[in-house]
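I have placed the structure first, in the form of structure tokens, so that the comments after it can refer back to it.
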Amino acid sequence: MKFSQAVKLAVLVGASLPTQAAAVPTPAASSALPTGTSVVSGLNVLAKAAGKLYFGSATDNPELTDTTYTSYLDSSAHFGQITPGNSLKWDATEPEPNTFTFTEGDQVTDLVKSNGQILRAHNLVWHEQLPDWVTANNYNATGLTAVIQNHIANVAGHYKGQPCMYAWDVVNEPLNDGDGSFRSDVFYDTLGSSYISIALTAAREADPNAKLYINDYNIESTGAKATAMQNLVKSLQADGVPIDGIGMESHFIVGEVPTTLVENFQAFAALGVEIAITELDIRMTLPETAALLEQQKQDFYTVVDACLQVSACKGITVWDWTDKYSWVPSTFSGQGAATPFDDNFVEKPAFDGIVEALKGQSFS
Ligand code: 9MR
């Protein structure tokens, strides 16, 4: 019965109205859908056995009150690496000029340390989640340079020397889609592309042991944006600017995973930088079906296998590991189910796809 019919019926018989949540049909019950069946010691264990540094996940502070969630996350067997999804961003760490807050960042970092995981720190300079003051203060080039340097000295400096620290995403999403030109934002508009070298140089100074990455999306396959990122790497290298790695976000759509991942990863590797799959998820239009989940299994296999085929690809991070805490449904209306575990923390067929790839097996 549709909700509107239920309302009419309830009014007719004088019954109390059902709540909308109870009456709206839910997408196919998860019990009717296929689940993952692999029994493994852990995704991170498999990734390390395959020569990668880690298999990891993003997480976010609000989720850490969910003890069922953390009981999985705490196992470095599955997730040997953590990326704080929000708590190291500029708005979280320097909400007012030269006022630094590390409470939430430290909460995730403390978890990482107590679990014996490694940290990908995310991120230092990005046009989003940037407090208004950075733009509103109308800094000139000298002023904004000092602001960037102070932010990085304090934030990267705060986490300097932690044994868990692997890498910083120093600059996030600097390129436009399409032609890969530089994104117009307060940093580029004030400093041109020099803000990237200013940030990387400041990060090396603040934490000499962290790998320094530029992270972006739609650079995972060959094309103008990937070429533009490679040109940026070459120009930084030519100028002696420290750049260690390029993060391939990898927010994909079921059935639309690019076919040129390996070729593209190799092109980056040829420049002498490492790469990482930093934010992997593969979303679908809901409701989930067995066919979509099977395609998603294939798609996760393809991406993980591509990383395995290229030694410069150091590790794979999913942008959270359970659909319960994925960012996708809140951003893409009608889409979701983008991670390898469902809302109830049950492994999906995608989990099996990851396992098969990490084990070096053919897709089954
Ligand atoms: O997962 C993050 C989400 O909670 C935030 O609301 C969002 C704000 O833009 O950022 C998400 O993480 C993004 C990451 O920092 C950069 N790449 C895209 C990610 C998904 O939007």
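Keep in mind that the numbers below use all heavy atoms, side chains included, and drop hydrogens, waters and symmetry copies. Every number for a ligand or one of its atoms is a count from 1 in the order of the listing. This chain uses plain numbering: 1 for the first residue, then up along the sequence.
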### Message
Show me the pairs that pass ring-ring contact (aromatic ring centres under 6.0 Å, His included) and involve residues 256-278, at least two apart or across chains.
### Response
none
### Query
Hey, are the side chains of Asp320 and Trp327 touching, using non-hydrogen atoms and a 4.5 Å cut-off?
no
### Any Leu191 side-chain heavy atom under 4.5 Å of Tyr139 side chain
no
### Task
Using a strict 4.0 Å threshold on nitrogen-to-oxygen distance, state whether Lys324 and Glu63 make a salt bridge.
no
### Message
Which label fits His122 and Trp319: parallel for a plane angle under 30°, tilted from 30 to 60°, or perpendicular past 60°?
### Response
perpendicular
## Note on the structure
Near ligand 1 (heavy atom, under 4.0 angstrom), the protein residues are Asn86, Lys89, His122, Trp126, Glu128, Gln129, Asn172, Glu173, Glu249, His251, Glu279, Trp319, Trp327
### Parallel, tilted or perpendicular, as decided by the 30° and 60° cut-offs, for the rings of Phe363 and Tyr301
perpendicular
